[in-house]
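Shown next, in structure tokens, is the structure this report addresses.
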Amino acid sequence: MSASLDIRLKRANKVYHEGEVLAGVVAIVSKEAVQHQGITLTMEGIVNLQLSSKSVGVFEAFYNSVKPIQLITSNIEVVKQGKVPGGKTEIPFEFPLHTKGNKVLYETYHGVFVNIQYTLRCDMKRSLLAKDLSKTCEFMVHCLPQKAKLQPTPVDFTITPETLQNVRERSLLPKFLIRGHLDATNCVITKPLTGELVVESSDVAIKSIELQLVRVETCGCAEGYARDATEIQNIQIAEGDVCHSLPIPIYMVFPRLFTCPTLETINFKVEFEVNVVIVLHDEHLITENFPLKLCRA
């Protein structure tokens, strides 16, 4: 005799804000009546931190103290011990999204070294001979939009061999001149990053021009901080030796879950940067870095 358990939230997009009510139904489908020892629902919001392999030895003390940070936890008994009839049964539930004390619900974010996740778990306890049923469902938390109006901060840039940093032998670099601008580095997370790039001149043919979105995750405590940058996405905006003096549009949508508003707390930070990467045919790689501040408006 098989029975299935499912959690269905009322909101199709599964996005909630602090102070709202998480509502839905627990759905049980079975051909015959199911005897159980009680059905419970657990809601949990956790920040998981971890160190990269290169930082483990350096921060031994911190590595032992990387405990998950609990943002919210709540448990309710949906149905007391008894029997669920055969067929399809839907049991409604409601969970208020309120934190205790001075805790804050950070926005859902799936990173490499920082992970902020909110889950609902339903458990149906059964007798010794029957297997317990369990179902987990993730829901998203978005922080409330900023009340203050965001002022765009446009950035103009010029890339030449002289402006580059971390160059060993500048004299070996081919001559080039690339200009452009980003419309804003204070970005609204729901709107694309936009701008323009123009190749004025280049002695060597261009192979590719790319936009690279990078997350910079910092985990730390009194013993020290581990800061790691990892790529989220890479978009090619031009291929081949582009026409000189022709404006190339810059356009990048921020991916859901892998980005969140820029976040800074005592234990961790999540920041974002964008790299404009120009690959030349002689395999020279030119990179210009721009820190971004993301917010929800």
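Just so you know, these numbers come straight off a predicted model, no measurement behind them. Hydrogens, waters and symmetry mates play no part in the numbers below; they use all other heavy atoms, side chains included.
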Side-chain contact test, heavy atoms from C-beta onward, threshold under 4.5 Å: evaluate it for [X] versus [Y] and give yes or no.
X      : Y      : answer
Leu193 : Val274 : yes
Phe93  : Ile7   : yes
Leu97  : Phe139 : yes
Thr99  : Leu71  : no
Arg296 : Glu107 : yes
Met124 : Asp132 : no
Pro247 : Leu197 : no
Cys260 : Val270 : yes

Checklist line | Candidate pair Asn275 and Thr287, rule side chain to side chain donor-acceptor pair (under 3.5 Å), full reasoning | finding: CA-CA 6 Å; Asn275 291 325; Thr287 305; over 6 Å; no

Would you say that more than 12 heavy atoms from the other residues, nucleotides or ligands in this model lie under 6.0 Å from the [atom1] of [X], or not?
X      : atom1 : result
Phe157 : CZ    : yes
Glu77  : CD    : yes
Arg121 : CZ    : no

Reported [atom1]-to-[atom2] distance for the pair [X] and [Y], which is rounded to 0.5 angstrom:
X      : Y      : atom1 : atom2 : answer
Leu292 : Leu213 : CG    : CG    : 7.0 Å
Leu294 : Cys187 : CG    : SG    : 6.0 Å
Ile286 : Leu280 : CD1   : CG    : 4.0 Å

Check: Checking side chain to side chain contact (heavy atoms under 4.5 Å, CB included) for the pair Ile250/Leu182: CA distance, chi angles, key distance, verdict?
Finding: CA-CA 8 Å; Ile250 289 173; Leu182 294 177; 4.1 Å; yes

Minimum heavy-atom separation for [X] and [Y], please, with both atom names.
X      : Y      : value
His281 : Ile206 : CD2-O, 3.7 Å
Ala184 : Pro152 : CB-CB, 4.0 Å
Val25  : Pro92  : CG1-CA, 3.9 Å
Lys10  : Tyr16  : N-OH, 4.2 Å
Val198 : Ser245 : CG1-CA, 3.5 Å
Glu94  : Ala23  : CG-CB, 4.0 Å

Item checked: Worked verdict on Phe95 versus Leu120 for side chain to side chain contact (heavy atoms under 4.5 Å, CB included) -> CA-CA 10 Å; Phe95 265 122; Leu120 262 181; 3.5 Å; yes

Next item on the list: Please report the C-alpha distance between Glu138 and His110 in whole Å, then the side-chain angles of each, then the deciding distance to 0.1 Å, and finally whether the side chain to side chain donor-acceptor pair (under 3.5 Å) criterion is met.
Entry: CA-CA 12 Å; Glu138 183 180 4; His110 291 190; 2.8 Å; yes

Margin query: Check for me whether the distance between the ring centres of Phe272 and Phe254 falls short of 6.0 Å.
Written below: no

Test item: side-chain donor near acceptor, [X] and [Y], under 3.5 Å:
X      : Y      : result
Thr153 : Thr185 : yes
Gln212 : Glu231 : yes
Arg215 : Thr230 : yes
Tyr106 : Glu18  : no

Margin query: Is the ring pair His17/His142 parallel, tilted or perpendicular, if the boundaries are 30 and 60 degrees?
Written below: perpendicular

Is there a donor-acceptor pair under 3.5 Å between the side chain of [X] and the backbone N or O of [Y]?
X      : Y      : result
Ser30  : Ala33  : no
Gln233 : Val253 : yes
Arg126 : Ala130 : no

Would you call [X]-[Y] a salt bridge at under 4.0 Å N-O?
X      : Y      : result
Glu32  : Lys83  : no
Arg8   : Glu90  : yes
Glu196 : Arg179 : no

Are [X] and [Y] linked, directly or through other ILVMFWY residues, by side chains that come within less than 4.5 angstrom of each other?
X      : Y      : answer
Val26  : Leu9   : yes
Ile278 : Leu177 : no
Val214 : Ile237 : no
Tyr251 : Val188 : no
Val277 : Phe290 : no

Next item on the list: Would you please test Tyr118 and Met140 for side chain to side chain contact (heavy atoms under 4.5 Å, CB included) and show each step?
Entry: CA-CA 7 Å; Tyr118 297 88; Met140 268 59 85; over 6 Å; no

Check: Do any pairs count as a side-chain hydrogen bond (donor to acceptor under 3.5 Å, both in side chains) and have a residue in residues 186-195, sequence neighbours left out, and if so which ones?
Finding: Asp183-Thr194

Ignoring hydrogens and angles, write down the donor-acceptor pairs under 3.5 Å from the side chains of residues 37-46, residues two or more places apart or on other chains.
residue	atom	partner	partner atom	Å
Thr42	OG1	Asn75	ND2	2.8
Glu44	OE2	Gln70	NE2	3.0

